[in-house]
There are 2 protein chains.
Amino acid sequence: MSRAYNFCAGPATLPESVLQQARDEMLDWRGTGMSVMEMSHRSDEFVEIAETAEKDLRELAGISDDYAVLFMQGGASSQFSTIPLNLLGDKTSADYVNTGIWSEKAIAEASRYGAVNVVASSAAQSFTTVPGQDTWNTDPGAAYLHYTPNETIGGLEFDFVPDSGSVPLVADMSSTMLSRPVDVSKFGLIYAGAQKNIGPSGLVVVIIRKDLLGKARKETPTMMNYQVIADNDSMYNTPATYSWYLSGLVFKWLKEQGGVQAMGELNRRKASKLYGFIDASDFYANPIEPRFRSWMNVPFTLADDALNGEFLKGADARGLLNLKGHRSVGGMRASIYNAMPEAGVDALIDYMTKFAKERG
Amino acid sequence: MSRAYNFCAGPATLPESVLQQARDEMLDWRGTGMSVMEMSHRSDEFVEIAETAEKDLRELAGISDDYAVLFMQGGASSQFSTIPLNLLGDKTSADYVNTGIWSEKAIAEASRYGAVNVVASSAAQSFTTVPGQDTWNTDPGAAYLHYTPNETIGGLEFDFVPDSGSVPLVADMSSTMLSRPVDVSKFGLIYAGAQKNIGPSGLVVVIIRKDLLGKARKETPTMMNYQVIADNDSMYNTPATYSWYLSGLVFKWLKEQGGVQAMGELNRRKASKLYGFIDASDFYANPIEPRFRSWMNVPFTLADDALNGEFLKGADARGLLNLKGHRSVGGMRASIYNAMPEAGVDALIDYMTKFAKERG
């Protein structure tokens with residue numbers, strides 16, 4: 001088929017022009033006679049690719065020189081251990097906010113390395129809301145405060161940046177990174193698995209305030225030591241070069257689209273359209289408190305779960321792919337990251353309208 | 001330029017037909033309307049890609065069901081910590097053979113987790129030979145015996161598999177994997193960074209005898225726990241899907257070439273030609289004891305180091321790329337992995353002949 005609209009939560013759809021460029025450069029990058037994936041990571045060519053990607057990311061996200069930008073391997077899940085191993089330092093505990101499945105995974109892994117203080121949780125509300133910060137039981141002596149600004153599975157997104165005082169704020173931005181403007185200077189550490197808004201899987205971007213480097217516990221695997229990775233410009237060992245290159249192409253594309261400001265406006269519009277349609281319908285429903293609905297991941301249910309299979313089959317036939325909700329929650333989920341064009345959202349709403357009319 | 005002969009030690013040259021297929025499938029894998037890098041790792045399509053790659057690797061390398069095959073992230077360098085964390089168990093020490101820079105890195109990292117007994121070293125011979133096994137000071141109570149069958153930087157390769165008795169044998173096969181037949185049943189664990197004979201960087205293949213699973217220390221990061229990765233078919237988190245796919249294409253290509261038996265014959269011939277030429281010349285030299293010369297990485301020096309720059313420039317102009325030796329040893333190095341055609345070795349010898357005639 002021609003290119004489909006792929007609503008997968010990750011690995012997710014990439015800009016078509018990025019894939020076209022990668023295709024055209026596959027056998028010979030700019031007359032070098034090599035694919036990027038065949039280049040030495042220490043060659044002038046690749047170092048330029050790598051440095052340009054970092055520079056573009058710094059420009060897009062507004063990252064100052066107070067921060068190191070690391071291109072690491074292992075995905076966000078590896079960071080669940082890397083963060084406590086590097087940031088607990090001489091403290092005994094860290095604060096975590098629990099707003100869904102990814103928060104819970106981060107908490108479970110951190111608990112293996114120190115005491116975790118869950119400062120707030122919306123588990124009792126089935127993760128349909130974000131607890132107000134005035135109710136958080138934070139510890140001013142915590143090593144850091146961790147939260148998940150966007151829960152990919154639940155479709156819950158913070159509409160504010162918590163105030164953590166002098167405690168470093170740590171955020172798993174895997175599925176919200178670069179989707180709207182964020183003030184990086186409020187954070188101690190931001191991490192993001194690439195396979196949503198950045199590039200292919202196998203890469204995780206870490207943005208860390210430099211004063212937080214150099215505190216790793218002695219049992220930290222060297223490949224997980226932020227100081228070592230920073231000191232070696234993310235080339236302590238051979239990095240995931242091709243994923244790094246693809247990410248650089250995505251950053252260029254984002255700049256051409258007008259950066260995170262323009263992207264934020266587009267994403268707000270895409271999400272508003274889809275939630276607006278769902279709310280106006282008596283066939284579809286979304287359970288999240290409107291203020292905290294994710295711009296990136298839109299879960300929804302049909303009036304009758306027995307129709308789920310038919311809904312998905314019809315969607316597939318129209319090239320609207322991967323709308324099945326996560327196996328842990330069921331229902332549907334449309335992930336509408338940066339690279340999902342507004343026309344994809346329109347096509348989805350069009351199909352949902354027809355389906356509800358025929359089967360509702 | 002057209003496709004060059006790329007002698008890089010890794011990331012290394014890939015088969016041209018593999019890159020062509022990846023290019024052709026970049027925007028639409030087999031009518032799905034998606035690139036492989038946009039597919040959910042849990043989709044039927046990707047699971048088929050992943051399982052086929054594992055099946056082909058098992059067939060190529062002769063891996064029995066007694067072994068788990070893991071597709072992990074972080075490269076071989078991550079395994080330097082992962083191995084002691086998982087295999088030390090209730091033992092207090094591990095045996096390591098030191099034959100070069102990669103052995104030394106593995107030893108340094110393992111020493112952070114337990115006692116390392118260096119059973120033999122050829123450091124005093126500048127790593128130009130492999131100490132005979134009759135001289136090794138092995139410990140029958142060691143958790144495992146680790147060695148590096150091929151030292152990528154030094155160009156030293158074992159021509160035998162050590163007999164480790166009942167102690168599990170562990171091998172860093174990053175730059176020898178699939179280059180010739182190997183009896184996997186002699187090993188407890190084999191690991192290989194992909195970026196030499198397997199695929200793009202960002203992937204490391206681990207072949208582990210199943211009875212060695214389940215012994216991880218409690219501080220082991222979950223993403224480094226072999227048991228967890230095995231139980232989840234290497235999908236505990238989102239794996240490096242595109243690298244996995246590319247590796248599968250390389251495995252298919254290897255099967256078309258006649259597998260590791262045919263590849264071993266070709267690699268022996270390529271290496272013999274190049275070493276034979278170097279030995280017959282009084283302008284070029286290789287310091288390694290002939291029996292232990294690597295089939296994959298051929299370091300050589302010119303009679304006068306002052307000519308190195310001119311040699312490299314002339315090579316570049318002829319599309320013979322990345323011949324500069326590793327920064328830690330200097331001189332030249334030609335890496336001639338599986339994907340380097342014999343014609344590339346011929347072209348290199350032709351250039352070396354002309355250069356020696358003109359400048360020798």
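Values below: all heavy atoms of this structure, side chains included; hydrogens, waters and symmetry mates excluded. In what follows, chains carry the letters A, B, and so on, assigned in the order in which the sequence lines appear, proteins first and then strands, with residues in each chain numbered from 1. Note that the structure is a prediction, hence the values are computed from the model and not measured.
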- prompt: Going through the checks in order, is the side chain to side chain contact (heavy atoms under 4.5 Å, CB included) test met by B:Arg217 and A:Glu219?
  reply: CA-CA 11 Å; B:Arg217 283 198 187 170; A:Glu219 69 265 32; over 6 Å; no
Sort out for me which of [options] touches chain B most, counting heavy-atom pairs under 4.5 Å.
options                              : answer
A:Leu246, A:Thr220, A:Thr82          : A:Thr220
A:Asn237, A:Asn6, A:Leu27, A:Thr13   : A:Leu27
A:Gly199, A:Ala12, A:Gly10           : A:Ala12
A:Met37, A:Met224, A:His41, A:Lys105 : A:Met37

Looking only at heavy atoms, which two atoms of [X] and [Y] are closest? And how far apart?
X        : Y        : value
A:Cys8   : B:Ser40  : SG-CB, 3.4 Å
A:Leu321 : B:Thr32  : CD1-O, 3.4 Å
B:Met26  : A:Ala22  : CE-CB, 3.8 Å
B:Pro221 : A:Pro221 : CG-CG, 4.4 Å

field: Top contributor to chain A interface from B:Pro11, B:Gly202, B:Ser81 [non-hydrogen pairs under 4.5 Å]
entry: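 Of B:Pro11, B:Gly202, B:Ser81, B:Pro11 has the most heavy-atom pairs under 4.5 Å with chain A.
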query: Side chain, backbone, both or neither: which part of A:Arg112 has an atom under 4.5 Å from a heavy atom of chain B?
result: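 Looking at A:Arg112, just its side chain touches chain B.
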message: So for A:Glu25, is it side chain, backbone, both, or neither that comes closer than 4.5 Å to the heavy atoms of chain B?
response: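 When you check distances to chain B, no heavy atom of A:Glu25 falls under 4.5 Å.
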query: Is a donor on one side and an acceptor on the other found under 3.5 Å between the side chain of A:Ser201 and the backbone of B:Pro239?
result: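 Yes, because the side chain of A:Ser201 sits within donor-acceptor range (under 3.5 Å) of the backbone of B:Pro239.
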[X] vs [Y] side-chain heavy atoms within contact, under 4.5 Å:
X        : Y        : result
B:Met223 : A:Glu109 : no
A:Asn322 : B:Met34  : yes
B:Leu14  : A:Ser35  : no

query: Does NZ or CZ of A:Lys218 fall inside the cone over B:Tyr113's six-membered ring, less than 6.0 Å from its centre and within 45° of the axis?
result: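 That pair does not qualify as a cation-pi contact.
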message: Rounded at 0.5 Å granularity, tell me how far CD in B:Gln195 sits from CE in A:Met39.
response: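 Between B:Gln195 CD and A:Met39 CE, I get 15.5 Å after rounding to 0.5 Å.
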- prompt: Measuring from A:Arg23:CZ to B:Arg23:CZ, what's the distance to the nearest 0.5 Å?
  reply: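 So the CZ of A:Arg23 and the CZ of B:Arg23 are separated by 9.0 Å.
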task: For chain B, find its close neighbours in residues 70-79 of chain A: heavy-atom separation under 4.5 Å, sorted by number, or none.
output: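 So far as heavy atoms go, A:Gln73, A:Gly74, A:Gly75, A:Ser77, A:Ser78 are the residues that approach chain B to under 4.5 Å.
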field: Ion pair B:Glu38/A:Arg3, N-O distance below 4.0 Å
entry: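 Between A:Arg3 and B:Glu38 there is a salt bridge, with a charged N closer than 4.0 Å to a carboxylate O.
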